[in-house]
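Let me begin by presenting the structure, written as structure tokens, before commenting on it.
Excluded from the calculations below are hydrogen atoms, water molecules and symmetry mates; all remaining heavy atoms, backbone and side chain alike, are included. Residue numbering restarts at 1 for every chain, and letters A, B, ... go by the order of the sequence lines. These figures come from a predicted structure and were not determined experimentally.
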Amino acid sequence: MKLSSYLIATLKEAPSDAETNSHQLMVRAGMIRKIAAGVYNFLPTGLRVFRKVENIIREEMNRAGAIEVMMPFVTPADLWQKSGRWDVYGKELLRFKDRADRDFCLGPTHEEVVTDLVEREAKSYKNLPLTIYQIQPKFRDEIRPRYGVMRAREFTMKDAYSFDVNEELAEKSYLNMFNAYRNIFDRCGLTYKAVQADSGNIGGSFSHEFMVLAETGEDLVLSCDSCDFAANVETAPCNQVEPLEQSENLESLVEVETPNMTSVDEVAKFLGLKSDRIVKTLVLEADGQLIAVLIRGDHELSLTKLKKVLGVNFLELASEKVLKEANIVKGFCGPVDLNIPIYADYSIKPLKGFATGANKLNFHNINVCWESLNIQEIGSEKAMFSDLREAVDGDRCLSSDCSGILTSTRGIEVGHVFKLGTKYSESMNATFTDQDGKEKNYFMGCYGIGVGRVVAAAVEQNNDENGIRFPLALAPFQIVVISTDKKEGEALLKARELYDYLLNLGYDIAIDDRAESPGVKFKDAELIGIPFQLRIGPKSLAKGVIEFKDRLSGEVLELDQNNFEAIREKIDELL
RNA sequence: CGGGGUGUGGCGCAGUUGGUAGCGCACCUGUUUUGGGAACAGGGGGUCGGAGGUUCGAGCCCUCUCACCCCGACCA
């Protein structure tokens with residue numbers, strides 16, 4: 001590629017809306033440009049990197065036996081109504097009507113479409129197992145898109161779906177994809193971790209997330225210091241009941257005036273208690289019903305866990321309006337005499353007397369005991385308490401025979417694998433005929449990778465003060481030949497000669513033959529993240545050399561300008 | 001959706017008590033430069049997000065609207 005006729009859209013300054021390193025660098029390097037909130041153009045260099053990731057994914061998918069298809073971006077409502085998700089999927093699903101007033105949506109994921117596809121085409125057990133994938137745009141109308149293409153509304157995803165005759169074989173397919181994912185992220189040169197996760201909106205029983213470790217990650221991962229357990233905070237189990245040091249002489253419940261103190265910290269300070277002796281009462285709306293949850297003051301509620309425990313689809317904190325209607329005093333809510341179902345986290349159990357809101361403006365109760373509260377039973381068991389909080393640093397690892405301690409790290413979720421079971425094949429009534437002549441539901445799995453997010457994660461993980469340090473496999477070009485003489489002269493001729501030589505041998509190479517000064521070319525090459533520079537100018541010509549600069553090591557070598565063969569060998573050594 | 005903020009040339013910004021819009025970078029032309037984002041000279045590009053209003057006069061004041069950004073269970 002001749003950069004003189006290419007589009008190198010580098011910027012000295014980053015736009016003010018770019019927050020993270022990767023977002024700023026991708027914009028400055030001329031890889032992406034925003035055209036609406038969460039919607040981006042990929043410019044030439046950005047697209048080259050994007051394609052490299054895509055190709056690695058495609059190669060590994062094919063190698064694992066998955067078959068590529070392409071499903072539509074626009075999908076009809078009836079498929080979603082069939083699975084029941086038309087009503088369950090919230091505002092993230094962008095819906096619209098066509099000219100004949102028929103309902104459609106932009107596909108945020110493709111379980112419905114693929115289940116329908118396979119159901120029509122693979123009616124026999126002889127067609128299974130089958131893993132189908134596509135690399136295709138998705139649209140999710142996120143509440144808050146951010147960090148450039150890291151969390152965009154329109155984004156490209158590789159999504160694969162496996163179909164098996166039974167659970168055992170479905171697990172085999174799952175493992176197969178899991179291993180393919182390892183190969184993919186290894187080849188992309190990422191430092192990552194596969195962690196246990198929640199299967200979220202997609203449903204199912206078992207799943208892993210692939211997390212790229214980075215400080216700017218939006219997820220929190222807890223990993224054990226002595227075994228290989230790692231999980232997303234949302235799901236990391238923490239159902240141990242830790243005894244607390246506490247005096248046994250219980251005093252009776254007292255109301256205390258706490259003027260304008262609505263936060264745990266304020267109340268704790270005022271009452272002279274530690275925040276783990278305060279219990280906060282969170283009021284939520286769960287499928288239209290109000291419920292309360294008791295969480296220790298120093299803990300956070302995991303909506304994911306609560307959702308699972310309650311078995312509801314819709315769960316969110318009750319709005320002020322709803323609270324007012326229910327006569328609940330915001331900021332001073334408590335479990336005593338509260339007339340809605342109450343659930344409690346395990347950590348409340350050992351508390352002998354604690355402080356809570358008094359359901360009365362500017363008052364809290366102290367010396368509250370859970371024994372006197374009407375805590376809900378869950379399911380058929382009398383499980384008064386359940387695991388509802390997020391795990392924190394220092395929690396004990398709950399893997400069997402492990403006494404390790406959990407520590408947290410931030411991560412960027414670049415891939416997610418789920419075992420779906422028969423959730424969709426049942427709801428959509430998708431069946432195949434088995435060997436015994438009976439109709440059965442497919443056992444499914446689904447597997448996603450955010451392509452743009454992998455690119456952003458790679459930038460986030462590989463950069464320095466000069467710009468992006470792309471791993472060889474992802475760099476937009478692996479080599480750039482730079483003529484440091486902006487005029488048409490001997491240096492440019494030599495540069496072209498070397499460029500042609502390497503290009504003809506099939507190297508991924510560009511020549512910077514723009515009429516720019518040397519500094520500009522060096523800066524651009526480094527910002528964009530090209531690993532190897534071959535520099536030719538009047539100075540080096542006079543010395544009879546070509547300079548070779550390695551972006552990653554910073555090493556500069558002088559190579560014989562007439563021995564292209566040796567230059568090539570040097571490159572091969574490093575590639 | 002709630003709260004906050006910002007919209008001025010491609011990007012980053014300034015713009016006084018309301019008086020007819022400016023700077024840096026980028027871009028174009030020329031000359032001089034020529035190894036780490038060159039210098040000088042000249043030049044082009046703006047209905048100041050949009051609509052309405054107040055005023056002799058609005059980038060600035062008022063109303064509405066749109067877009068973008070930030071924060072948001074943890075206060076229950």
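A:Ser517 meets the side chain to side chain donor-acceptor pair (under 3.5 Å) test with no other residue; sequence neighbours excluded. Scanning for side chain to side chain donor-acceptor pair (under 3.5 Å) contacts around A:Arg153 gives A:Asp141, with sequence neighbours left out. Not counting sequence neighbours, the partners of A:Lys138 by the salt bridge (charged side-chain N to carboxylate O under 4.0 Å, His left out) test are A:Asp159. In this structure, the side chain to side chain contact (heavy atoms under 4.5 Å, CB included) partners of A:Leu282, at least two apart in sequence or on a different chain, are A:Lys280, A:Leu284, A:Leu301. Remark: A:Lys487 pairs with no residue by the salt bridge (charged side-chain N to carboxylate O under 4.0 Å, His left out) rule, at least two apart or across chains. Shown here are the side chain to side chain donor-acceptor pair (under 3.5 Å) partners of A:Glu497, two or more places apart in sequence or in another chain: there are none. Applying the side chain to side chain contact (heavy atoms under 4.5 Å, CB included) test to A:Ala77 and every residue at least two apart in sequence or in another chain returns A:Gln81, A:Trp86, A:Asp103. By the side chain to side chain contact (heavy atoms under 4.5 Å, CB included) test, A:Ile366 pairs with A:Val254, A:Val256, A:Leu271, A:Ala355, sequence neighbours left out.
Atom name C1', nucleotides B:C69 and B:G12: the rounded distance is 16 Å, in whole Å. Taking atom P in both B:C1 and B:C56, the straight-line distance is 40 Å, to the nearest Å. To the nearest whole angstrom, the two P atoms, one in B:G42 and one in B:A51, are 36 Å apart. Taking the C1' atom of each, B:C66 and B:A26 are spaced 29 Å apart, rounded to whole Å. Comparing B:U65 with B:C23, their C1' atoms are spaced 31 Å from each other, to the whole Å. Between B:C68 and B:C60, the two P atoms lie 23 Å apart (nearest whole Å). Rounded to whole Å, the C1' atom of B:U20 lies 24 Å from the corresponding atom of B:G24. Between B:C25 and B:A38, the two P atoms lie 11 Å apart (nearest whole Å).
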Mind listing the N/O atom pairs, protein and nucleotides 39-43 of chain B, below 3.5 Å?
none

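Note that CG of A:Asp219 and CZ of A:Arg410 are 8.0 Å apart. Values are rounded to the nearest 0.5 Å.
Whole-Å rounding puts the A:Arg514 CZ to B:A38 P distance at 12 Å. Rounded to an integer number of Å, the gap from NE2 of A:His23 to P of B:C68 is 13 Å. Rounded to an integer number of Å, the gap from A:Ile35 CD1 to B:C69 P is 13 Å. Counting to the nearest Å, the P atom of B:G36 and the CZ atom of A:Arg551 are 17 Å from each other. Rounded to an integer number of Å, the gap from CD of A:Glu142 to P of B:C71 is 14 Å. Spacing between atom CG of A:Asn466 and atom P of B:G36 amounts to 14 Å, rounded to whole angstrom units. Rounding to whole angstrom units, CZ of residue A:Phe363 and C1' of B:C75 are separated by 19 Å.
Counting any heavy atom pair closer than 4.0 Å across all strands shown, A:Gly537 reaches a base atom. Within the nucleic acid shown, A:Val264 comes within 4.0 Å of sugar-phosphate atoms alone, with no base atom in reach, counting heavy atoms only. Among the atoms of the strands shown, base atoms are found under 4.0 Å from some heavy atom of A:Arg144. In this structure, A:Ile143 reaches the bases: a heavy-atom distance under 4.0 Å links it to at least one base atom across the strands shown. Nucleic acid contact class of A:Ile295 (heavy atoms, under 4.0 Å, all strands): none. Residue-level contact check: A:Arg28 touches the bases, meaning some heavy atom is under 4.0 Å from a base atom. Residue A:Lys487 is in base contact, counting any heavy-atom pair closer than 4.0 Å across all strands shown.
Residue A:Glu516 is the one, among A:Glu516 and A:Gly38, whose nearest nucleotide of RNA chain B lies closer to the 5' end (criterion: closest heavy atom). Of the two residues near RNA chain B, A:Glu19 and A:Val556, the one whose nearest nucleotide lies more 5' is A:Val556.
Salt bridge annotation for A:Asp560-A:Lys543: absent, with no cationic side-chain nitrogen under 4.0 angstrom from a carboxylate oxygen. Salt-bridge annotation for A:Lys2 and A:Asp512: absent, with no side-chain N of the basic residue lying under 4.0 Å from a carboxylate O of the acidic one.
Base pairing analysis places B:C61 opposite B:G53; the two distances defining the Watson-Crick or G-U wobble pair are each below 3.5 Å. Look at B:U29: its Watson-Crick or wobble partner, with both distances under 3.5 angstrom, is B:A41. Nucleotide B:C13 forms a Watson-Crick or G-U wobble pair with B:G22, both donor-acceptor distances falling under 3.5 Å. Across every strand in view, B:G2 sits in a pair with B:C71 that passes the Watson-Crick or G-U test at under 3.5 angstrom.
Closest to the side chain of A:Arg146, out of B:C71, B:C68, B:G37, is B:C71. In this structure, of B:C69, B:G36, B:A38, it is B:G36 that holds the atom nearest to the side chain of A:Phe522. Checking B:C68, B:G36, B:A38 against the side-chain heavy atoms of A:Lys34 singles out B:C68 as nearest.
Scanning atom types as modelled, one donor and one acceptor separated by under 3.5 angstrom connect the side chain of A:Ser540 and the base of B:G35. A donor-acceptor contact under 3.5 Å links the side chain of A:Glu526 to the base of B:G36.
Cation-pi geometry between A:Lys349 and A:Tyr346 is not satisfied (NZ or CZ under 6.0 Å from the ring centre, within 45° of the ring normal).
Within residues 474-486 of chain A, the residues that have a heavy atom under 4.0 Å from RNA chain B are, in order of number, A:Thr484, A:Lys486.
Using cut-offs of 30° and 60° for the angle between ring planes, the A:Phe564 and A:Tyr501 rings count as tilted.
OP1 and OP2 of B:G36 both lie 4.0 Å or more from every side-chain N or O belonging to A:Lys549. Contact annotation: A:Ser517 does not reach the phosphate of B:U34 (side-chain N/O to OP1 or OP2, under 4.0 Å).
Judged purely by distance below 3.5 Å, without hydrogens or angles, the side chains of A:Ser483 and A:Asp485 never pair a donor atom with an acceptor atom.
Sorted by first and then second residue, the pairs that involve residues 507-535 of chain A and meet ring-ring contact (aromatic ring centres under 6.0 Å, His included), not counting sequence neighbours, are A:Phe532-A:Phe548.
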Self-check item: Sequence-aligned protein contact record of nucleotides 8-14 of chain B, with B where the base is within under 4.0 Å of a protein heavy atom and S where only the sugar-phosphate is
Solution: ---SSS-

